[in-house]
Protein chains: 4
Amino acid sequence: MPWRRIGRVGQVLPAMPYFEVECKGGVQLVRAVVKLEPGPGAELTEVAVPRPGPGQILVKVLATSICGSDLHIYTWNRWAQERIKPPLVLGHECSGRVVELGPGVNMVSVGDLVSAETHVVCGKCYQCRTGNAHICIDTAILGVDRDGSFADYVVIPQENAWVNPPALPPAVASIQEPFGNAVHTVLAGPVAGCSLAVLGCGPIGLASVAIAKACGAARIYATDINPYRLELARAMGADATLQVGQVDAVKGILEETSGHGVDAVLEMSGSTQAVQDALKLVRRGGRVSLLGIPSRPVELDLAEDLVMKGVTFQGIAGRRMYETWYQTRGLLGSGRVNLGPLITHELPLGDFARGMELMASGQCGKVVLYP
Amino acid sequence: MPWRRIGRVGQVLPAMPYFEVECKGGVQLVRAVVKLEPGPGAELTEVAVPRPGPGQILVKVLATSICGSDLHIYTWNRWAQERIKPPLVLGHECSGRVVELGPGVNMVSVGDLVSAETHVVCGKCYQCRTGNAHICIDTAILGVDRDGSFADYVVIPQENAWVNPPALPPAVASIQEPFGNAVHTVLAGPVAGCSLAVLGCGPIGLASVAIAKACGAARIYATDINPYRLELARAMGADATLQVGQVDAVKGILEETSGHGVDAVLEMSGSTQAVQDALKLVRRGGRVSLLGIPSRPVELDLAEDLVMKGVTFQGIAGRRMYETWYQTRGLLGSGRVNLGPLITHELPLGDFARGMELMASGQCGKVVLYP
Amino acid sequence: MPWRRIGRVGQVLPAMPYFEVECKGGVQLVRAVVKLEPGPGAELTEVAVPRPGPGQILVKVLATSICGSDLHIYTWNRWAQERIKPPLVLGHECSGRVVELGPGVNMVSVGDLVSAETHVVCGKCYQCRTGNAHICIDTAILGVDRDGSFADYVVIPQENAWVNPPALPPAVASIQEPFGNAVHTVLAGPVAGCSLAVLGCGPIGLASVAIAKACGAARIYATDINPYRLELARAMGADATLQVGQVDAVKGILEETSGHGVDAVLEMSGSTQAVQDALKLVRRGGRVSLLGIPSRPVELDLAEDLVMKGVTFQGIAGRRMYETWYQTRGLLGSGRVNLGPLITHELPLGDFARGMELMASGQCGKVVLYP
Amino acid sequence: MPWRRIGRVGQVLPAMPYFEVECKGGVQLVRAVVKLEPGPGAELTEVAVPRPGPGQILVKVLATSICGSDLHIYTWNRWAQERIKPPLVLGHECSGRVVELGPGVNMVSVGDLVSAETHVVCGKCYQCRTGNAHICIDTAILGVDRDGSFADYVVIPQENAWVNPPALPPAVASIQEPFGNAVHTVLAGPVAGCSLAVLGCGPIGLASVAIAKACGAARIYATDINPYRLELARAMGADATLQVGQVDAVKGILEETSGHGVDAVLEMSGSTQAVQDALKLVRRGGRVSLLGIPSRPVELDLAEDLVMKGVTFQGIAGRRMYETWYQTRGLLGSGRVNLGPLITHELPLGDFARGMELMASGQCGKVVLYP
């Protein structure tokens, strides 16, 4: 197997112990999608198979799906420029088989089919010690702050391995991570018998529609600018869809709710306008759960839209560790949520660039790579 | 229309103003199922149509369903002997059309199709003034403490009228009241992605199964001694049923849950044994919601089953007024819960005695009477 | 008693039934502070004593305190120009003795010492029917939308009368209304053992400090631009005060909390800057409760300050009806909160203009008028 | 230093690695209160200083207080006979200085003054992974299931070390553990502005009184059979005390609350009668928090006292790990709770038998031993 441009000879890469500058006899080379230098793009490269340290496990990746943040890193947007330190193996959503245990591992076994919780947390801070590790003050994220899963193998701490039932398809197992974001958001307040609006029908928005439906939501409105995604939203269970840009979504939903608004708004787009709309769309005393990440400050009429209405406006980060994963298991294992329509493209790992193009086009649900 | 045995001439019946001892020309006589004297049984009798007082409405009953407590009053069990003061029109679960408004009524209109919230509350106590009127300290119940709905007409306070969509079938509208008990119980804690055990598959237990299913429960165990009702439970969505007396339900459910127990137990039977089982069946930190009314004191191993396990044990009374009704509307209106299989018998009002027999036999779901 | 400029002869004033254009023999004239025409100011005027309608009571005002919104109406700011329809008796915070009952009143008795809940709600909307009447969709406010309490007498619905223990001083009874805003805000999340920042030390901020202290807050930071009010904050129990403009409050509080921020921020100022600071000051997973009403849109970095941190941002309106009042009774009745230092000025009703000047100067706590 | 009766030569004691059957040259002998054989009593014995394993720390004990369960083990009651496997070092409540770190320890440092969370949990179960480790399915307790703290040294996992501020007196630091039980119980529901009854004024009941007072309880009733402890209850802040056996506590408290009962009952005695009383004493919709451990099954009128009243009945186990500890720090660090009156006796470790006698007599608050 040829060796290509993995760092420079003599370079010290302490944070990524499994990059071997010189490939000696006993080291097995495996494939990984690596950002080698600051700037757009990434490369499929051979790297030495990583080794699990104390409390860590080595996972043979079976499926790894593309997240919007992977695209940001790939295209090298401003956030990526500030956060990412190449060389870095990209990717964080994944499932795979445990093939090796580091010293002291007692929570998983070789052969387990696992998914990765992608937030590697400190375990010491107030949040970690009170059941809120998802907002740990010192979190490292796979494929962002440490090497990720667009690769044949990935190393993760044993705590981050979620053991799946053997029959769960690897692609579904992989997308449990973003699905978990949706579970976290939907279940952050009452759903059963409630009306909801989901703003933004990317994969997490689409999953939210399906989850809300499975959890007894009375009526689900979904909005997006993209008709392809609104069609997916209907397939996932939306009762009504509104194409932003073509119709006035706020007006439409308020009319359908006698002017009162919906019980809950799940903001999944990060659009400034959508965040403002969210506070207009929610009924007095309702909740707005914000998972979308606005790329710039948002101006809000807090007097009218928050104070007078007695609204609760929640920021939602990651997945509750690991309550959300148990809920995810319950929802998927019972067959009550069908993620089938959400997985629109399945590609070999080597076609990651095409996957990135699909993500950029918006003409996709979830794109899964198979190493 | 003949007049039959409605009290004695000259008798003063101040609590039931619409019973007329002498039927003068202008008084319209209507039918009602009345317990005329202390003791078992009841009679279909002609009574004067009741008149709505200030803030009250007159409802023409379209459907009225039989509750277990109606059977207790009919058979004159000990509770009934202590509580009921004949003469009394029986029945409380009902739906009908508003035909007359008393002075000051502004919340409903003539022609509205309404269901009755059957708890008439004081409006003044701590509970009433803090959103917990369902546990008002001074509640009168239709068909128990004041004249009920097994009749052509019933008078209720306007606050107790829940306006239904016009298309809702009267039988379904009637059973919203016990269905609401189930909604209240199921939604008194987390459901989505959770495992639940429903102990007792009378109509409310059966409705609970359907609601839990619609609200994302991962797995629902249902128990009863009656195979007929377990079959209904499967029709309503139970994933597994266990016939008490034939199998060891506690052992069976614990085995299925790796010995840990379920996230929530909904006790719907009132059986002493079932209450004890409930605390054995729930996982550490789970909840037991008790709607069933044990007829005698229950001995509990609180050390092992409550304290050490950190369990929450909730008493559930009635329906939250009116949050539960909004949830009910959301669940039924969205078509997510289908109560069809639950209504097993529909009879004319005059056949109320046969309805009582059915209820006593246990070979029924919900029995609906049509005036 | 002379009659002065109370509307024009022949004018119809249906919304204010107790204004009599012609003062006939039997009508008792009483004093009221009335805004007679659109524009700044108000006048002490004679009006006919109001009469309680069905379900209403007549209260002889014993004390009535000045709120910031009274000042807005007095100075005729933009909000007032849009909302207020003169003629109108100003004022809403009050206590007094019940002197007359309208028809059907059964919740209070003549002679009761009552305070007014100043939100008159519809009783029919979703919020009213689910224990959230404080955010009713159709609320009228005393002294804003209907005649208020800067007068010898005021008429309120019986539901809005909160009966006090006889020994409660009228001034304290009057300020229970704004105190209730503070109770509502402080108790909208965990307090015991928590660190809190109170931004803005007007009377409600000051009360919040005292309440938080009485409810077990571990450490309370208070900020304001006004040193007079910071001194009051220390008297009410603040552990540390920071004068905005002189010190960097965000930096100061973050330093004191090892960079993590406080468990809860209570925003009481309505200042745009303070709202932005609130989201910087709160720890990950903490809450920001917003009672202050920003006069213009606020630009927020929701990505960093809400989503990533998993913060809950709550709008707080009015007082929970009537849970907050029960809590208020518990806190004041137990003597655990002393509002003494908060009442800095007591004036006869005729000196209302001086009271308004004091409010405008900020050199006061609560100003109480005595009719 | 002589060696006394520490097991038998050749005996294998795998669960207690630091018991050395043969005392070789390099092993430091230290003192420990050990139950050597099944049966009543314990002995002050020399043992080898324990060694911290991976992730563990060695703590030099500065203060260690006696819990009721220590007395049960000492007197060898039925529970102890079933649970305890001698030889065992007794004691679990303790504070001390960290003197040695096992491999991989990164959460505490040598020199830290720490208290022990006494529940050593599995870290793998549902409860541990969802922020509820206090009800872990596989918990080992210091001094019960593994060697405890009535000794010069104790080994604990680093996760169980709670780092105190240096100025906290060792005795107070030690009793934070049972104090935490009280914090957990009191804060398991609303307190501010509420009425509470504390049944049982042992040390945890007494601490609960102080905590409730500091957290804004409006009125606190305390009951016990022991006048000495009721006097302590008054010193800790109880508003009213009722001596069970002399007065009818249920009747007394119901009279004081106009027959409605209190908002919350904290059952701290484990007495069967008190548990039954608790459900009588709580108001409709209130909570009963059960920390006391009844020694036998309790018969409850669930129909009247739980279902009809809509009561929440909670089992409280241990301390939330580690939310309760943060709350404890907040309450003690702020000086809002003074535990001074609670510590009635301080003895050298060698006088442990006298401490046990004091505990048995009930004529004490907290008894602290100093090694």
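Per chain, numbering begins at 1; letters A, B, ... match sequence-line order.
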Does atom CD of B:Glu231 have more than 12 heavy-atom neighbours, drawn from other residues, nucleotides or ligands, at distances under 6.0 Å?
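No.
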Given a strict heavy-atom distance threshold of 4.5 Å, which part of A:Leu331 is in contact with chain B: side chain, backbone, both, or neither?
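Interface part for A:Leu331: both.
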Would the distance check show the side chain of A:Arg336 and the main-chain N or O of B:Gly193 forming a donor-acceptor pair, the cut-off being under 3.5 Å?
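Checking the backbone N and O of B:Gly193 against the side chain of A:Arg336, no donor-acceptor pair under 3.5 Å is found.
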At their closest point, which heavy atom of B:Ala218 faces which heavy atom of A:Gly330, and how far apart are they?
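Nearest heavy atoms, B:Ala218 then A:Gly330: CB-O, 3.3 Å.
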Taking all non-hydrogen atoms of both residues into account, name the closest pair between A:Cys215 and B:Ala192 and its distance.
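Minimum heavy-atom contact is SG-CB, 3.5 Å.
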Name the option with the most non-hydrogen atom pairs under 4.5 Å to chain B; the candidates are A:Ser334, A:Gly335, A:Ala214, A:Cys194.
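Among the listed options, the one with the most contacts to chain B is A:Ala214.
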Using a cut-off of under 4.5 Å for heavy-atom pairs, which of A:Ser195, A:Gly333, A:Ala217 has the most such pairs with chain B?
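Highest number of pairs under 4.5 Å: A:Ala217.
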Chain A contacts, top residue of B:Lys213, B:Gln327, B:Arg329 (heavy-atom pairs, under 4.5 Å)
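Among the listed options, the one with the most contacts to chain A is B:Lys213.
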Please look at B:Arg219 and chain A and tell me whether the side chain, the backbone, both or neither of the residue comes under 4.5 angstrom of a heavy atom of that chain.
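Looking at B:Arg219, nothing touches chain A.
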